[in-house]
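Below is one structure, written out as structure tokens; the observations come after it.
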2 protein chains.
Amino acid sequence: MREQKKQATREALSAAALRLALERGPDDVRVDDIAEAAGVSPRTYNNYFSSREQAIVAAVAGEREARIAAAVAGRPVGVGLAAALVEAVVEAYTTASEPGRDALLLITTRPSLREAFVGTTGAIENPLAGAIAGRLGDDDERTARVLAASVAAAVRIALEGWLQTTAASFTAGGLVVPSGSLPDLLRATLAPLTPALDAAEERARRRPR
Amino acid sequence: MREQKKQATREALSAAALRLALERGPDDVRVDDIAEAAGVSPRTYNNYFSSREQAIVAAVAGEREARIAAAVAGRPVGVGLAAALVEAVVEAYTTASEPGRDALLLITTRPSLREAFVGTTGAIENPLAGAIAGRLGDDDERTARVLAASVAAAVRIALEGWLQTTAASFTAGGLVVPSGSLPDLLRATLAPLTPALDAAEERARRRPR
DNA sequence: ACGCAAATTTGCGTGCACGCATTTTTACTG
DNA sequence: CAGTAAAAATGCGTGCACGCAAATTTGCGT
């Protein structure tokens with residue numbers, strides 16, 4: 001299929017970008033190098049990614065996007081929407097992907113990549129909206145989108161805070177892999193949204209489909 | 001003061017960008033023209049704006065950013081946080097600025113500018129966070145930020161929907177100035193967040209400063 | 001197997017964003 | 001009023017994103 005090949009080159013580009021960034025540092029990676037490493041023309045690279053940072057970060061963020069919807073759907077219905085969302089997010093953002101350890105370290109270290117990394121939180125909005133709509137019933141698509149966007153925004157804020165503290169700890173002492181407090185931080189940041197999620201769930205329950 | 005002059009050139013650049021965009025159409029405006037019209041070097045222009053679209057849209061979005069915080073603070077405390085926010089947002093997004101009428105028409109018509117316009121919703125996040133924190137007390141800065149980001153995201157979604165419908169009406173029939181339903185759309189989109197806002201307000205009331 | 005139409009890739013040209021080093025302006029002090 | 005240090009404006013060079021049109025690949029019907 002055509003779709004498969006497209007996805008393959010996409011992943012090849014992303015993987016090449018990440019590998020080169022790890023080898024030489026992200027600022028010494030030319031677009032032409034990524035394209036060559038993936039075996040395509042430089043122009044083609046730009047048909048897939050609109051910035052170098054995007055290509056590098058995509059490798060880490062891509063699967064998260066897929067997992068998060070599955071994680072929400074995977075929670076039993078008895079758990080409640082708010083708890084399901086929180087746990088799904090925590091799971092998605094703490095389970096590091098396969099070669100993701102040092103990649104994350106690189107991303108969180110370099111400022112240019114941190115921005116792109118934080119920006120990937122927007123990408124979870126659509127999967128989340130789908131998952132929420134699936135739980136609430138598709139009656140109010142708009143509510144689902146708003147709640148999903150709010151959750152995504154909260155995740156972004158949590159990540160910003162996390163990166164800020166880790167940056168401080170980097171400048172302060174030696175190499176500290178920052179992961180300990182992220183789950184707690186995510187839970188705390190998502191907490192203010194719980195009433196809205198509960199209310200939406202309650203409304204959906206009152207007015208069954 | 002230095003700060004005043006900086007702000008002056010910033011506004012000069014933005015105004016020049018908007019004027020040229022209205023005259024020739026946004027795609028026929030070169031950065032050099034904007035810089036020349038504002039009497040600065042092209043390089044200097046880039047010290048103020050990192051993209052042409054940003055400069056054009058800034059004229060419309062800039063004051064909104066300032067007004068929205070004032071609008072929230074201006075509501076009497078008896079109104080309640082949720083209502084105050086909703087009304088402030090509606091006011092900020094329906095009261096068109098001085099020469100903003102045709103500017104908005106241009107912005108909503110051209111796809112490249114629509115994206116930038118929607119992106120400006122992110123700019124209201126910080127002012128909103130300040131205003132919310134002012135009402136809730138500064139005990140929980142994080143809650144204020146999350147709620148502000150959620151409101152901003154909801155506004156963005158409302159704008160996206162509004163632009164979509166107006167785009168449809170443009171392609172369908174003749175020139176329709178789209179403004180009628182925006183307030184209602186904003187209210188409806190913000191509604192799902194009300195429970196979270198109420199809960200935060202209630203918490204703040206229980207635990208006074 | 002052949003050829004055709006759609007989708008994808010590619011090359012090229014244009015504008016642009018931004019880092020860096022230098023010059024010019026600004027605000028303050030003796 | 002000069003002298004000075006910080007801040008802003010500027011010039012220049014490098015990489016890059018992206019529109020456009022030509023070339024190549026892909027999938028399919030005959």
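Chain identifiers are assigned alphabetically (A, B, ...) following the order of the sequence lines, protein sequences preceding nucleic acid strands; residue numbering begins at 1 within each chain.
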query: Of the candidate nucleotides D:dC18, C:dA17, C:dC18, which contains the atom at the shortest distance from the side chain of B:Ser50?
result: C:dC18

Report all side-chain donor-acceptor pairs from residues 49-56 of chain A shorter than 3.5 Å, counting only partners two or more places apart or in another chain.
from	atom 1	to	atom 2	distance (Å)
A:Ser50	OG	A:Gln54	NE2	3.1
A:Ser51	OG	A:Glu53	OE1	3.4
A:Ser51	OG	A:Gln54	N	3.1
A:Arg52	NE	A:Val29	O	3.4

- prompt: How far apart are the closest heavy atoms of A:Ile157 and B:Ala149, and which atoms are they?
  reply: CD1-CB, 3.7 Å

task: Round to the nearest Å and state the distance from A:Leu20 atom CG to D:dG15 atom P.
output: 16 Å

task: Rounded to the nearest angstrom, tell me the gap between atom CG in A:Asn46 and atom P in C:dC12.
output: 16 Å

Nearest-angstrom distance from the residue atom OH of A:Tyr48 to C1' of D:dA17: 17 Å

Note, A:Ile132 side chain near A:Leu85 side chain (heavy atom, < 4.5 Å): yes

- prompt: B:Asp28 CG to D:dG19 P: how many Å, rounded?
  reply: 15 Å

task: For A:Glu3 and C:dA7, give me the distance from atom CD to atom P, rounded to whole Å.
output: 12 Å

- line: Taking for B:Thr9 and for A:Val29 the nucleotide of DNA chain D with the nearest heavy atom, the one nearer the 5' end belongs to B:Thr9

task: Only pairs at least two apart or in different chains count here, so list each side-chain hydrogen bond (donor to acceptor under 3.5 Å, both in side chains) that has a residue in residues 13-23 of chain B.
output: B:Arg19-B:Glu23

message: Taking the basic N atoms (NZ, or NE/NH1/NH2) and the acidic carboxylate oxygens, is any pair closer than 4.0 Å for A:Arg187 and A:Glu87?
response: yes

- prompt: In whole angstroms, how far is the C1' atom of C:dT26 from the CD atom of B:Gln7?
  reply: 17 Å

field: Any strand: nucleotide that pairs with D:dT30 via Watson-Crick or wobble, under 3.5 Å
entry: C:dA1

Between the protein and nucleotides 10-14 of chain D, are there any N/O to N/O pairs under 3.5 Å, and if so, what are the atom names and distances?
from	atom 1	to	atom 2	distance (Å)
D:dT10	OP2	B:Ser41	N	2.8
D:dT10	OP2	B:Thr44	OG1	2.4
D:dG11	O6	B:Arg43	NE	3.3

Scan nucleotides 24-26 of chain D against the protein and return all N/O pairs shorter than 3.5 Å with their distances rounded to 0.1 Å.
from	atom 1	to	atom 2	distance (Å)
D:dT26	OP1	A:Lys5	NZ	2.6

field: Considering all heavy atoms, the nearest B:Leu136-B:Leu81 contact
entry: CD2-CD2, 4.0 Å

field: Pairs meeting criterion side-chain hydrogen bond (donor to acceptor under 3.5 Å, both in side chains) with involvement of residues 115-131 of chain B, two or more places apart
entry: A:Arg156-B:Glu125

query: In whole angstroms, how far is the P atom of D:dA17 from the CZ atom of A:Phe49?
result: 12 Å

message: B:Thr194: which residues meet the side chain to side chain donor-acceptor pair (under 3.5 Å) condition with it, sequence neighbours left out?
response: none

task: List the atom of B:Leu185, the atom of B:Ala158, and the distance in Å for their closest heavy-atom pair.
output: CD2-O, 3.3 Å

message: Output the rounded distance in Å from CG (B:Asp27) to C1' (D:dC20).
response: 14 Å

message: Measuring to OP1 and OP2 of D:dG15, would you say a side-chain N or O of A:Arg52 lies under 4.0 angstrom away?
response: no

- request: Would you mind telling me which of D:dC16, D:dC18, C:dC16 lies closest to the side-chain atoms of B:Asp32?
  value: C:dC16

